[in-house]
Amino acid sequence: MKIDKLNNSTNNFVSINEVISYEPPKYIPNWDGSFNKVKIGKSSYFRPNKEFSNFNIDIIDNNPLGLNNNSDGIYVILSEKFKFVYVGKTLSNIKQRLHSHIQKLTSTNNNKYTTPLKWQKIAFNRYNVLKEDSVKLDDLKIKFYHLSEYSSCNINELEENIYLKCKSFLPDYISLNDSKAFEKI
């Protein structure tokens, strides 16, 4: 399958601030970049070693990507400033997915989710470079591929193809995806 709409550039991405309304968490100064390992049941979660804070997001009506809370498809989040990219999929839970990624990138300790090692490194780098602005999203861009526009494949095939396309045209970007998810690639 050919993904024509991903044109070997980031020009067709939009600022994430055009897609979501966002109330940032509290900026916590003097963070040392450490994460606490929290065990809940049989699982362990890595959370920033910071005081508790929270943020709110909502999908903006009539945003340039045509997203709503029930959108299903593939999204790509990237930062040209920090040269990272993430390809994810959603089946009607885009707000939750974006909330999870923003929590990781802003290193917010909201007692939710886990922050994998690659995300920890990016979060601490953003924190050190952007300081108070690290809780903002000005460096993030997003693109969305609505599953309904790609009837010739299922969501996993679409995700794989978009991941490969991003890997090809952004070779110097760090992929925040779990490499195990695409081992067969």
So, the side chain of Gln120 versus the backbone of Thr115: is there a donor-acceptor pair under 3.5 Å, distance only? yes

Locate the shortest heavy-atom distance separating Ile57 from His99; write the atom from each residue and the value. CD1-N, 3.6 Å

Short side-chain to backbone donor-acceptor contact, Asn93 and Gln96, under 3.5 Å: no

Determine yes or no for a side-chain-to-main-chain donor-acceptor pair under 3.5 angstrom, with Tyr127 supplying the side chain and Ile28 the backbone. yes

What are the two closest heavy atoms between Lys37 and Ser44, and how far apart are they? CE-OG, 3.3 Å

Less than 4.5 Å apart, any side-chain heavy atom of Ile102 and any of Ile20? yes

What are the two closest heavy atoms between Leu65 and His146, and how far apart are they? O-NE2, 2.8 Å

Take atom NZ of Lys136 as the centre, draw a 6.0 Å sphere, and report whether it contains more than 12 heavy atoms from other residues, nucleotides or ligands. no

Are Phe82 and Leu98 joined in one hydrophobic group, where the rule is that I, L, V, M, F, W and Y side chains link up if heavy atoms are under 4.5 Å apart? yes

Heavy atoms, side chains only, cut-off 4.5 Å: are Asp139 and Leu130 in contact? yes

Step through the shown structure and confirm whether more than 12 heavy atoms of other residues, nucleotides or ligands are within 6.0 Å of CG on Asn30. no

Exceeds 12 heavy-atom contacts within 6.0 angstrom, atom CG of Asn62: no

Are Leu78 and Val87 connected in a single hydrophobic cluster, I mean Ile/Leu/Val/Met/Phe/Trp/Tyr linked by side-chain heavy atoms less than 4.5 Å apart? yes

More than 12 heavy atoms of other groups within 6.0 Å of Lys39 NZ: yes

Return yes if a side-chain donor-acceptor contact under 3.5 Å exists between Ser92 and Asn70, otherwise no. no

Can you measure from SG (Cys153) to CG (Leu147) and round to the nearest 0.5 angstrom? 7.0 Å

Without swapping roles, check the side chain of Asn63 against the backbone of Ile60 for a donor-acceptor pair under 3.5 Å. yes

Go through the steps to decide whether Asn49 and Asn109 satisfy the test side-chain contact (heavy atoms from CB on, under 4.5 Å), and finish with yes or no. CA-CA 7 Å; Asn49 185 17; Asn109 179 10; over 6 Å; no

Is there a chain of hydrophobic side chains (I, L, V, M, F, W, Y, each step under 4.5 Å between heavy atoms) that links Ile16 to Val129? yes

Between Leu105 and Phe35, is there a shared hydrophobic cluster once you connect ILVMFWY residues whose side-chain heavy atoms come closer than 4.5 Å? no

Phe144 vs Ile94 side-chain heavy atoms within contact, under 4.5 Å: yes

Mind checking whether Val76 and Ile162 have side chains closer than 4.5 Å, heavy atoms only? yes

Does the plane of the ring in His101 sit parallel, tilted or perpendicular to the ring in Tyr86? Use 30° and 60° as the thresholds. tilted

How long is the gap from CG on Asn56 to NZ on Lys95, to the nearest 0.5 Å? 8.0 Å

Would you say that Tyr45 contacts Tyr113 through its side chain, given a criterion of any heavy-atom pair below 4.5 Å between the two side chains? no

With a distance cut-off below 6.0 Å to the six-membered ring centre and an angular limit of 45° from the axis, does Lys143 pair with Tyr145 as a cation-pi contact? yes

OH/Tyr150 to CG/Leu158 distance, rounded to the nearest 0.5 angstrom? 6.5 Å

For Asn110, does its backbone N or O pair with a side-chain atom of Asn54 as donor and acceptor, under 3.5 Å? no

Closest non-hydrogen atom pair, Thr108 against Ser53: CG2-O, 3.6 Å

Just checking, any donor-acceptor pair under 3.5 angstrom between side chains of Lys104 and Ser100? yes

Pairing donors with acceptors under 3.5 angstrom, does anything connect the side chains of Asn17 and Asp138? yes

Donor-acceptor side-chain pairing of Asn156 and Lys89 below 3.5 angstrom: yes

Any donor-acceptor N or O pair under 3.5 Å, side chains Ser107, Lys50: yes

Are the side chains of Phe46 and Asn36 in contact, using a 4.5 Å heavy-atom criterion? no

Tyr27 and Asp133: side-chain contact (heavy atoms from CB on, under 4.5 Å), yes or no, with the steps? CA-CA 8 Å; Tyr27 172 71; Asp133 289 340; over 6 Å; no

Could you please spell out the steps behind the side-chain contact (heavy atoms from CB on, under 4.5 Å) verdict for Glu80 and Tyr173? CA-CA 8 Å; Glu80 292 170 316; Tyr173 277 50; 3.3 Å; yes

Minimum heavy-atom separation for Pro48 and Gln103, please, with both atom names. CD-NE2, 4.0 Å

Give the minimum heavy-atom separation between Arg126 and Phe84, together with the two atoms involved. CD-CE2, 4.3 Å

Could you check whether the rings of Trp31 and Phe124 sit parallel, tilted or perpendicular, using 30° and 60° as the cut-offs? perpendicular

Applying ring pair (Phe, Tyr, Trp, His ring centres under 6.0 Å) to Phe13 and Tyr75, what does each step give before you reach the verdict? CA-CA 10 Å; Phe13 284 69; Tyr75 57 94; over 10 Å; no

Side chain Asn161, main chain Glu157, donor-acceptor under 3.5 Å: yes

Do the side chains of Leu176 and Val85 get nearer than 4.5 Å, heavy atoms only? no

Separation between OG of Ser71 and CD1 of Ile59, rounded to the nearest 0.5 Å: 7.5 Å

Can you measure from OG (Ser148) to CG (Asp72) and round to the nearest 0.5 angstrom? 7.0 Å

How many angstroms lie between CG in Asp172 and NZ in Lys83, if you round to the nearest 0.5 Å? 4.5 Å

